[in-house]
Number of protein chains: 2
Amino acid sequence: MTLASDSIEDSVVTAILAGRLRPGTRLGESKLAEIYGVSRTRVREAMMRLEARGIVHVSARRGWFIVEPSATDARAAFQARRLIEAGMLRALHHVPADAVAHLRAHVEEERRALDAGQVGSRTCLLGDFHIHLAHTFGNPFLTDILRDLTARTTLVSMLYQSEQHAAESSDDHDRIVALLADGDFAGAAALMDEHIRRVEDGLDLAATPDPLAGLREILSPGAPAFPFAANSNTAFPNAGGEET
Amino acid sequence: MTLASDSIEDSVVTAILAGRLRPGTRLGESKLAEIYGVSRTRVREAMMRLEARGIVHVSARRGWFIVEPSATDARAAFQARRLIEAGMLRALHHVPADAVAHLRAHVEEERRALDAGQVGSRTCLLGDFHIHLAHTFGNPFLTDILRDLTARTTLVSMLYQSEQHAAESSDDHDRIVALLADGDFAGAAALMDEHIRRVEDGLDLAATPDPLAGLREILSPGAPAFPFAANSNTAFPNAGGEET
DNA sequence: CGAACCAATCTTGTATACAAGACTGATCAG
DNA sequence: CTGATCAGTCTTGTATACAAGATTGGTTCG
């Protein structure tokens, strides 16, 4: 609850959704404490809460790590998202015009990031769409649940190197909003189910997750700096999180 | 993660599901520390995690309290449960025979507690049915989510003094299991939606939650001892939680 | 008699100290 | 040159001390 802990929690989740924090990344208590200018106590509080949310896990006396979902976890997370997101759309009766406008604007933003080739911003926006949609539904519990589930599936995508055809995803989003605007909630639900299934199918869950994925990215020329590089001043560079 | 913290978390959630811990009950750090024989540090860890799960909240420098869901929260929690539980049943393809047997046994146990007039055990079992069902579905994320949501709706029932016709609930459970055994998953889903809606409709969400409900129960003759009575040795008396 | 005020007590908020285990790198034996 | 061993360092685990706000009960004044 303390403002600092909250800000740490949000930073971590936002960074995951934006693809700036990879699965398996170590989050050192002292380092985070220094970055946020707080004591280790606060950092630990935030980590405990993130652990309860299934975002990080602790390895005894080694540190906190962003979770690395197993293939089984991945399937369960996608199934949960399908069930909840499609269920929300199906349960919908009416969508206010301004909510539709808001969603349209979001999809438009996705498109722009896509055209501009902004990978980080694009990843963040594609995940954010689902959270916005949950927000539109108006059930705060489901919104929170979906934020965490979406964070997990984002980690899954990073781990199992999805093809993740961003353009197709954005097209799906566009069509879902169109169906909502038409009042075809069953259709929107069906498309959402199909959409999430498509993302899941794009993954290679049979593949052993590559433990060197992070390292490789660091070593590849032109790659963005590692978020936890020694002299990194800002916690997670390129923070581009929009409003909730 | 530390064993003690985990045990505290489980104790609290189990006690809520059993109706032994009322909304608004204060959980003092020192008292819990003494009860569990651990330091305040561990207790705080457990409370932080429970806070992240929406089970308790902290009032600055006053203490930790079991959440008291507002009418809005109540509706949202029931809606979330309906959506997820019905969704799970609808998504079901096949239920192993032993799972059906397990559920039947559970309903039988409900019936027995009902006939014996064991209120605490009955409350616990009625809530546990839904968690068992989630477990049967086999998605651990959804199971965890539903456990917390069920804890919340249990709190809601206590706050808004539901009629909560236990016998009817158990009948519903029985029929749901029968439909599952028949392979009529859509029917089971529809009945589940109706069942949860019925429980919700039994509440008086318009009523201002009675802030003295807990006190009244304590003062009424023959009431069970207050869980946090001064000389209470065990944390939550009558602990009767089954396996997960 | 009642209301406001104030001190004593209790409870959480936060930092810090120290213990214990994990890791790293050097050293040494084969 | 390779592999094992071991000391030093780093990181988390845990307890405790103390600060700050909230509550409570008594006291005083009108």
Side-chain angles (χ1 to χ4, degrees), chain A residues 1-9 11-12 21 24-68 211-212 214-215 218 226-232 235, chain B residues 1-9 11-12 21 24-68 211-212 214-215 218 226-232 235:
Chain A
M1 198 220 198
T2 32
L3 284 74
S5 315
D6 251 9
S7 130
I8 296 176
E9 276 186 77
S11 288
V12 171
L21 227 35
T25 303
R26 178 166 172 278
L27 302 176
E29 291 185 4
S30 316
K31 189 155 285 182
L32 286 181
E34 189 187 346
I35 288 172
Y36 286 95
V38 300
S39 74
R40 269 182 58 211
T41 307
R42 299 273 195 76
V43 173
R44 278 181 74 80
E45 287 180 7
M47 291 298 124
M48 300 266 165
R49 277 192 276 250
L50 284 174
E51 188 185 36
R53 294 168 61 182
I55 305 289
V56 305
H57 74 106
V58 64
S59 174
R61 265 169 248 273
R62 281 176 18 86
W64 299 88
F65 298 85
I66 304 289
V67 295
E68 301 176 87
L212 296 180
L215 181 58
I218 294 166
F226 192 57
F228 281 84
N231 289 341
S232 170
Chain B
M1 200 219 195
T2 33
L3 283 75
S5 314
D6 250 9
S7 131
I8 296 175
E9 276 187 77
S11 287
V12 171
L21 228 34
T25 302
R26 178 166 170 277
L27 303 175
E29 290 184 4
S30 317
K31 189 154 286 184
L32 286 181
E34 190 187 345
I35 289 172
Y36 286 95
V38 301
S39 74
R40 270 182 57 212
T41 306
R42 299 272 196 76
V43 173
R44 278 181 75 79
E45 287 180 7
M47 291 298 124
M48 299 269 166
R49 277 191 276 248
L50 284 174
E51 189 185 36
R53 293 167 62 181
I55 305 289
V56 305
H57 74 106
V58 64
S59 174
R61 264 169 248 275
R62 282 177 18 86
W64 299 88
F65 297 85
I66 304 290
V67 295
E68 301 177 87
L212 297 180
L215 181 58
I218 294 165
F226 192 57
F228 282 84
N231 289 341
S232 170

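Sequence lines set the chain letters: A, B, ... in the order given, protein chains first and strands last, and positions in each chain run from 1.
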Can you tabulate the close N/O pairs, meaning under 3.5 Å, that link protein atoms to atoms of nucleotides 13-15 of chain C?
from   : atom 1 : to      : atom 2 : distance (Å)
C:dG13 : OP2    : B:Arg44 : NH1    : 2.7
C:dG13 : OP2    : B:Arg44 : NH2    : 3.3
C:dG13 : O4'    : B:Arg61 : NH1    : 3.4
C:dG13 : N7     : B:Arg40 : NH2    : 3.1
C:dG13 : O6     : B:Arg40 : NH1    : 3.3
C:dT14 : OP1    : A:Arg42 : NH2    : 3.3
C:dA15 : OP2    : A:Ser39 : OG     : 2.4
C:dA15 : N7     : A:Thr41 : OG1    : 3.0

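In this structure, B:Leu32 places its CG atom 13 Å from C1' of C:dT11, rounding to the nearest Å. Distance, B:Glu34 CD to D:dT16 C1': 17 Å, rounded to whole Å.
Looking at heavy atoms from C-beta onward, B:Arg44 lies in side-chain contact with A:Glu45 at the 4.5 angstrom threshold. A:Val43 places none of its side-chain heavy atoms less than 4.5 Å from the side chain of A:Leu27.
A pairwise comparison of heavy atoms in A:Gly24 and A:Glu68 identifies N-CG, 3.3 Å as the closest pair.
Here B:Ser30 reaches the OP1 or OP2 of C:dT12: one of its side-chain N or O atoms lies under 4.0 Å away. For the OP1/OP2 pair of D:dA22 and a distance below 4.0 Å, the side-chain nitrogens and oxygens of B:Arg26 include no atom meeting the criterion.
To the nearest 0.5 Å, atoms CG (A:Leu32) and CZ (A:Arg42) are separated by 14.0 Å.
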Please report, to 0.1 Å, the donor-acceptor pairs under 3.5 Å made by any side chain of residues 53-60 of chain B, with sequence neighbours excluded.
from    : atom 1 : to       : atom 2 : distance (Å)
B:Arg53 : NE     : B:Asp148 : OD1    : 3.3
B:Arg53 : NE     : B:Asp148 : OD2    : 3.2
B:Arg53 : NH1    : B:Glu9   : OE1    : 2.9
B:Arg53 : NH2    : B:Asp148 : OD1    : 2.8
B:Ser59 : OG     : B:Arg62  : NE     : 3.1

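Qualifying salt bridge (Lys or Arg N to Asp or Glu O under 4.0 Å) partners for B:Arg40, counting only residues two or more places apart in sequence or in other chains: B:Glu29.
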